S.K.: 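Dumping the structure here so I can ask a few things about it.
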Amino acid sequence: MSDAMPKARASRGEIRAACSARAEYLLPLLFIALGSLCFWQARDMSQLGAVFPMTIAAVMILASVLRLLQLTLHRVIDNIERHQDSTPRRVLLVVAMAVWALLMPWAGFLLTGLASFVTLMLIAQHDAWTSKRLVSYLIAGAVLVACFYGLFALLLNVPLPVGRWFMG
Amino acid sequence: MEILTYALGALSPVNLGLAVIGVASGIIIGALPGLSATMAVAVLVPVTFGMAPESALIMLGAIYTGAIYGGSYSAILVNTPGTPSAIATTFDGFPMAKRGDGDLAVTLSTLASVAGGLIGVLALLTLAPLLAQVALSFGPVEYFWLAIFGLTLISALSEGSTLKGFIGAGFGLLLSTIGVAVVGGDTRYTFGSQVLLGGIETVSALIGLYCIPVLIDLVATPEAHLKVDAEQRGIRLREGLGLAWLGKFNLFRSASIGTLVAILPGAGGSIASLVSYSEARRASRQPQTFGKGNPQGVLATEAANNATVGGGFIPTLVLGIPGTPPDAVILGALLVQGFRTGPELFTTNASITYTFIAGLFLATCLLLPLGLFIGRYAFKSIITIPKALLVPTIAFMTVIGTYAIRNSISDVVIMLTLGVAGWLLNRYGFRPSPIVLGLILGPIAEQGFVQGFLMGRASGAMFTTFFGGPISLTIIALSVVSVFYPIVKERLARRRGDPGSLGSHKEASS
Amino acid sequence: MRISRSTVFATALGMAVAAGFMTQAVADEFPSKDVQYVIPFGPGGESDISARLQQKYFEEITGEQLVIQYMPGGGGAVAWSQLSDMPADGHAIMGSNMPHIILKPMDKDVGFATEGIKNFYYFHYSPDAIIVRNDSPFETLDDLIQAADDAPGTVTFSGSGTYSANDVAHTRFQQLADVTTTYIPFKGTGAAVTALLGGQVQAEWGYTTVAANHQDKLRMLAVAAEERHPMFPDVPTFKELGYDMVGGAYRGMAVPEGTPVEIQQRLSDIFQQINQNPAFQQKMQDLGFVLIDVPLEEMPEFMAEQRRVYEETARELGLID
C-alpha cells in the first residue's frame, strides 16, 4: 500500500478499477463469451427449456456491452490501494482443500480429515513454530476432528466416507 | 383463552427441559454452516416417536427455532449464511464483527430474533386461516413478478457499479439453470457430466461463495480474523437494547414483512429477509452506512428471518403445503402423530395445534437467555482461537457441512470451484450477493414465467395473464419503485446542491 | 504344481457350502446395526411420509433404527446415480419409484440404469386421479371431456414435473379420450396442488393421496385404479367410465447391485411384515395410498410388466423411437 497517493475518490469522468484497469475490460469480455456459449448451447433445448437461459444470456451480454461502453467513455485508473498479500498461501489453501475433497472417497473421512487439518494449520501459521505450540495445536486439531466426526457420523447419522481403499 | 390451558399443560418440567435442550442444540446445529434446520429436525423425528405427542411437538418447534437463529452466528462471525434466509445478515453483521463489534451484533441478532419470532408466532395464532387464503392467490405469474422484484433489489444492494451487479445476477441466473429442468425436462448445461444433473445445491453455493473467499483471505495475512478490543465489554446488552429501542419501528416492519412474505410456499423464506433489509435501508436516514456495519441492518434481517418460522407454518398447517423444507419434515412428523391439516386445525385438532404454537412461543422466549449465553461463547471462541486452528476448523465446517447436505463429494467440489470463482470475481468488483440472488431466484422466475406462458396460451390472453391481476400490478409497481427510487433520490439530493454526500460517481462510494 | 480335478471340485464345493452357511448366518443376524434409508426426494413428499410410517414398525420388528435421509435433485437421479457407491451389505437401502426409474434413463444418460437398481420390495402405489376444486363446474369426467372438446387446449391441468407419472397419465388420457388439454408442470405435488387450490388451473393430475389430504376443498372425477378406493367409494374408476387406465406412482425399496440375495430376501420379508400390520394398513389407507405386495421373488415379473407399459407410453411421449 502506498500512502503517497492520496486516498482520493475517482473524480467525475473517471472510474477506478476494482483491480487493474486491464482486468476491468477483460471481465465483461469474459462474460460476453460465457453468455454466447450458453446461448449457443440453448439451441438444442426444447422451446420451454430454452426461453429462460436464452433471455438471461442475452441480458448478460447486453449488460456487459453497456459496461464496456461505460468504460470507454470514462478514464479507467488502476486501483493502487489493494493489498499485496501472500498469494502462495492462498493457492496452497485451495489446492489442499481440493486434494482433500478428491481423496476423501478413497482414503476415508478420518484419515484425510486429520491430514488436511494439519496441512491447513501449517498453511495458516505465519509465526514461527515452537515445539510446545505445535504439540498443543496438534492435540487441539485431533480433538476437533474427533468432535466433528462424533457430531456428524454418530449424532446426525451422516454416512461419512469410509474410504474405498479400506473396503477391500 | 383456550391456548392458555394448553400452554400451561405443555409447561411441565420435563417439557421445559426438552425445550431448553431443543433450542440449545438447534442453535449449535444452525451455527455450523451446512448443517441446516432441516437436518436437525429430520434427525430428531424418529426420537420423538417414543415421546408423548406434546413433548415431541415442543421439541421439534424448539430445535427449529434454535437452528434458524443459530444461522446468524456463522453469518456474523465468518460471513457464511447457513441458509438463504441469513444472506442479508452477512451484509452488516460481518462488517460489524470485522471492526470489533461482533459481540454487539450477536446480541442485536438475539434481540431481533426474539422480537421477530414472537410476531411471527402471533400471526400464526391469530391470522393463520386468513393469511393462508392470501398465499393461495399467488399463482405462477405472481411468483414470476415476485422473483423479478427480488432481482431489482440488486440495484439497491450492489455496492459499486450497478451494471456489474446485473452481470453478476445474470451469471447466478445461468448457474441456476444447470441440471434437469422442472418444466420441459431438458438437461441443461451439464456438459455431459452426471455430477451436474442435480443442479447446483443452493446452500453449498452459499458456503462456497461466501465462506471460501473469507478463508482464502484469512491465510494470506498474519492479521487476526476479527478486530478485538482490549477491554472486555460483556454481552453489551444495554447498548443492544438501546439500539433495538431506536429501531423499534424497523423491528416491527421487518418482522411483519418477514411473516407476510414467508406465507408463500417455496419462495417466501429466502426473499423475506432481503425485502426487509432493503426496506430498512430505504427508510433509513443514512442509507449509505448500510452494508458497512449498520446495526439496523442486522436488526432488520434477523427480525425478518425468525418471523418466517411462524409465517412459514401458516400454509403448512392450514393448507398442508409446507413453506420450507424443515416445515415439510415437521408436517411429516405431525401426520405420523395423527394430525390432519385443514379446517379441523382449530377445532378437532385444537390440542395439537395449540400445543405446537405454545411450544414455538416458549422456544422463542428461551432464545433470549440461551442465545445470549451461547452467542457470547461462540464470539469468544472465534476471537481467541489462534489463526492456525481457526482456518482448518472453518475449512472443516465448509467441507463436511457441504458434504452432509446430500452426502455428495461432488457438491464439495462444486462448492470449492464456486468459492474460488467467487473470490476472483470479488477481486474484480463482482460481489457474491447478486450472484447468489440470481441463483436463488432463478428457478422461481423461470418456472413462474413458463407456467404463466402455458396458462396464457391456453386461455388465449397472454397479456392479461401477465399484467391483469391486481397482485401482479402491485409487485410490478414495487419493482419499478425499487429500481428508480435510488436514482430519483440522488437527483433530488443533487438539486439541493448537496453532491458531496453521495459521491460524484456511483462507483466512487465502493 | 498338480492339483487333481476332484480336489478342486471338493474345495470349491466346500467353499460354496461354507459361504452359504455364512451368508445364511449373516442374513439371520441382519440387521446388525441401523439401516440407512435414502429418500431420493426432499422431505414432505409421499415417499417421505410413507418412509416415516415404516420407520416406526421397522424398529419394532428388528430392534434397529431405520435412519431416513434425503438426497433430492434431478427428480431422483442424483440419489439413484449414487446407489452403486453405497455399501452392498443391506444396511443401506434407497427408495425406488416407478415410473421414474424406468422413464429417467430412457432418453439420456442420467448416471444410472434401470437394471442397476435392485428392487427388493414394492409396497404401495398412489393411483393417478383427476382432481378438481369442490366448486368446479366439472361434475363428472364427461363434463371435463365436453369442455375440452368444445375448445381444445383451454382446459388446464397442473401436475408434478415433466416426463413424470403425472405427465405420462396426462398424455395417455389425451389419447384415450381423444382430447387436447394443456398440462402445466410444477415443481412437486405441493406446488401443483397450490395452483389448483388457488384457481390458477382448472384441474390437476394428481393422486388419491392429494384428494385425501385436501378432502374439504377438492374432489376427484376419476381414479386410475382397478377398483374404487375404499376411502372414496363414490368416485368411479377410469375403467368403469370406459378408459383403460390403471396406473400411478409405485413406491418400493432397492439395494445396490451385489447385495447378497439372502439379505435382500430378509429385507423383503421385513417390509412385507410391515405391510401386513393392520395399524400400518389403516394409516396408509387414510392417507389415500393403495397397498400392494410385490416381494423379491415376484419382482422380475412386476418390473417386466411395468417396463412394457411405460415403454409404450414413452414412445407416445416421444422419449424414444
Side-chain angles (χ1 to χ4, degrees), chain B residues 38-39 41-43 45-46 49 135-141 179-187 192 194-195 197-199 201 265-266 315-316 319-322 325-333 335-336 338 340-344 406-408 410 443 447 450-451 454-455 457-460, chain C residues 38 42-45 48-49 51-53 55-56 59 65-75 77-79 81-82 104 108-112 153-156 158 161-164 167 181-188 190-191 193-195 197-201 213-217 283 287:
Chain B
T38 315
M39 190 184 279
V41 176
V43 167
V45 167
F49 288 157
L136 280 184
S137 52
F138 271 70
V141 174
V180 181
V182 169
V183 181
D186 290 285
T187 309
Q194 289 153 11
V195 168
L197 270 182
E201 213 285 326
T316 311
L319 305 172
I321 300 162
D327 290 345
V329 183
I330 291 181
L331 179 65
L335 287 176
V336 173
R340 299 301 260 174
T341 57
E344 305 102 276
R406 47 184 190 191
N407 306 329
S408 157
S410 326
Q447 285 164 30
V450 181
Q451 286 156 0
L454 287 170
M455 279 164 54
R457 199 169 62 180
S459 67
Chain C
V38 179
D48 178 36
I49 307 262
R52 289 285 175 201
L53 282 167
Q55 195 175 30
K56 195 171 161 189
E59 205 180 335
Q65 264 207 35
L66 193 59
V67 178
I68 293 177
Q69 279 159 344
Y70 308 103
M71 206 186 272
V78 167
S81 64
Q82 289 188 21
K104 288 252 158 212
K108 56 198 167 210
D109 183 12
V110 285
F112 74 92
T154 52
V155 176
T156 49
S158 64
T162 306
Y163 303 141
S164 58
D167 195 2
T181 51
T182 301
Y183 175 77
I184 304 175
F186 282 78
K187 187 180 175 147
V193 77
T194 312
L197 288 171
Q200 319 288 341
V201 291
N213 250 327
H214 301 275
Q215 284 177 64
D216 53 314
K217 297 187 194 71
K283 275 202 165 149
L287 288 168

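Letters A, B, ... mirror the listed sequences (proteins, then strands); counts begin at 1. The structure displayed is predicted, hence computed values, not measured ones.
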S.K.: Which residues satisfy the side-chain contact (heavy atoms from CB on, under 4.5 Å) test with B:Ala181, sequence neighbours excluded?
M.R.: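 B:Ala181: side-chain contact (heavy atoms from CB on, under 4.5 Å) contacts with B:Arg188.
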S.K.: Chain B heavy atoms under 4.5 Å from C:Ser81: which part of the residue, side chain, backbone, both or neither?
M.R.: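 Neither part.
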S.K.: Could you tell me which portion of C:Gln65 (side chain, backbone, both or neither) has an atom closer than 4.5 angstrom to a non-hydrogen atom of chain B?
M.R.: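 Side chain only.
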S.K.: What part of B:Ser459 lies closer than 4.5 angstrom to a heavy atom of chain C: side chain, backbone, both or neither?
M.R.: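 For B:Ser459, no heavy atom lies under 4.5 Å from chain C.
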S.K.: Short question: side chain of B:Arg406, backbone of C:Pro72 - any donor-acceptor pair under 3.5 Å?
M.R.: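 Yes, the answer is positive, given that a donor and an acceptor are paired below the 3.5 Å cut-off.
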S.K.: Would you check if B:Val45 and C:Arg52 make a side-chain contact, meaning some heavy-atom pair closer than 4.5 Å?
M.R.: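 In contact.
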S.K.: What part of B:Pro322 is in contact with chain C, defined as an atom under 4.5 angstrom from a non-hydrogen atom: side chain, backbone, both or neither?
M.R.: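 B:Pro322 has no heavy atom closer than 4.5 Å to chain C.
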S.K.: Among C:Gln215, C:Lys56, C:His214, who wins on heavy-atom pairs under 4.5 Å with chain B?
M.R.: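 Highest number of heavy-atom pairs under 4.5 Å: C:His214.
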S.K.: For the residue pair C:Pro185 and B:Leu454, establish whether any side-chain heavy-atom pair is separated by less than 4.5 Å.
M.R.: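 Yes, at least one pair of side-chain atoms sits under 4.5 Å.
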S.K.: Could you give the distance from OG1 (C:Thr162) to CG (B:Asp186), rounded to the nearest 0.5 Å?
M.R.: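 Here the interatomic distance stands at 8.5 Å.
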S.K.: Could you look at C:Thr194 and say if it's the side chain, the backbone, both or neither that has a heavy atom under 4.5 Å from chain B?
M.R.: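 Interface part for C:Thr194: both.
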S.K.: Check side chain to side chain donor-acceptor pair (under 3.5 Å) between B:Asn407 and all other residues, then give those that pass, not counting sequence neighbours.
M.R.: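 Counting only residues at least two positions away or on another chain, B:Asn407 forms no side chain to side chain donor-acceptor pair (under 3.5 Å).
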S.K.: Heavy atoms only: give me the nearest C:Thr156-B:Ala458 pair and the separation to one decimal.
M.R.: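 Smallest interatomic distance, heavy atoms only, reads CG2-CB, 3.5 Å.
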S.K.: As an exercise: rank B:Ile321, B:Val450, B:Leu331, B:Leu319 by heavy-atom pairs under 4.5 Å with chain C and give me the winner.
M.R.: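 When all of B:Ile321, B:Val450, B:Leu331, B:Leu319 are compared, B:Ile321 has the most.
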S.K.: Has C:Lys187 got more than 12 heavy atoms of other residues, nucleotides or ligands less than 6.0 Å from its NZ?
M.R.: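 Check fails, neighbour count at 12 or below.
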S.K.: Does any heavy atom of chain B fall under 4.5 Å from the side chain of C:Phe112, the backbone, both, or neither of them?
M.R.: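 For C:Phe112, no heavy atom lies under 4.5 Å from chain B.
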S.K.: At a 4.5 Å cut-off on heavy atoms, which part of B:Thr38 comes close to chain C: side chain, backbone, both, or neither?
M.R.: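 For B:Thr38, the side chain is the part near chain C, not the backbone.
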S.K.: So which atom in C:Pro43 and which in B:Ala328 form the shortest heavy-atom distance, rounded to 0.1 Å?
M.R.: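 Closest approach of C:Pro43 to B:Ala328, heavy atoms only: O-CB, 3.4 Å.
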S.K.: Against chain B, work out which of C:Gln55, C:Gln200, C:Lys217 has the most heavy-atom pairs shorter than 4.5 Å and name it.
M.R.: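 Among C:Gln55, C:Gln200, C:Lys217, the one with the most close pairs to chain B is C:Gln200.
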S.K.: Measure B:Gln451 against the heavy atoms of chain C and call it side chain, backbone, both or neither at under 4.5 Å.
M.R.: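 Both backbone and side chain.
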S.K.: Side chain, backbone, both or neither: which part of C:Ile68 has a heavy atom under 4.5 Å from chain B?
M.R.: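 Answer is neither: C:Ile68 stays 4.5 Å or more from chain B.
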S.K.: NZ of C:Lys104 to CG of B:Leu197: how many Å apart, nearest 0.5 Å?
M.R.: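 Separation between the atoms: 9.0 Å.
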S.K.: When only pairs under 4.5 Å are counted, which of B:Val180, B:Val41, B:Val329 shares the most heavy-atom pairs with chain C?
M.R.: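 Option with the greatest count: B:Val329.
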S.K.: Any idea which of C:Met71, C:Glu59, C:Lys283 has the most non-hydrogen atom pairs under 4.5 angstrom with chain B?
M.R.: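 Ranked by contacts with chain B, first place is C:Met71.
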S.K.: Quick one: of B:Pro140, B:Gly460, B:Ser137, B:Gly320, who has the most non-hydrogen atom pairs under 4.5 Å with chain C?
M.R.: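 Sorted descending by pairs with chain C, the first entry is B:Pro140.
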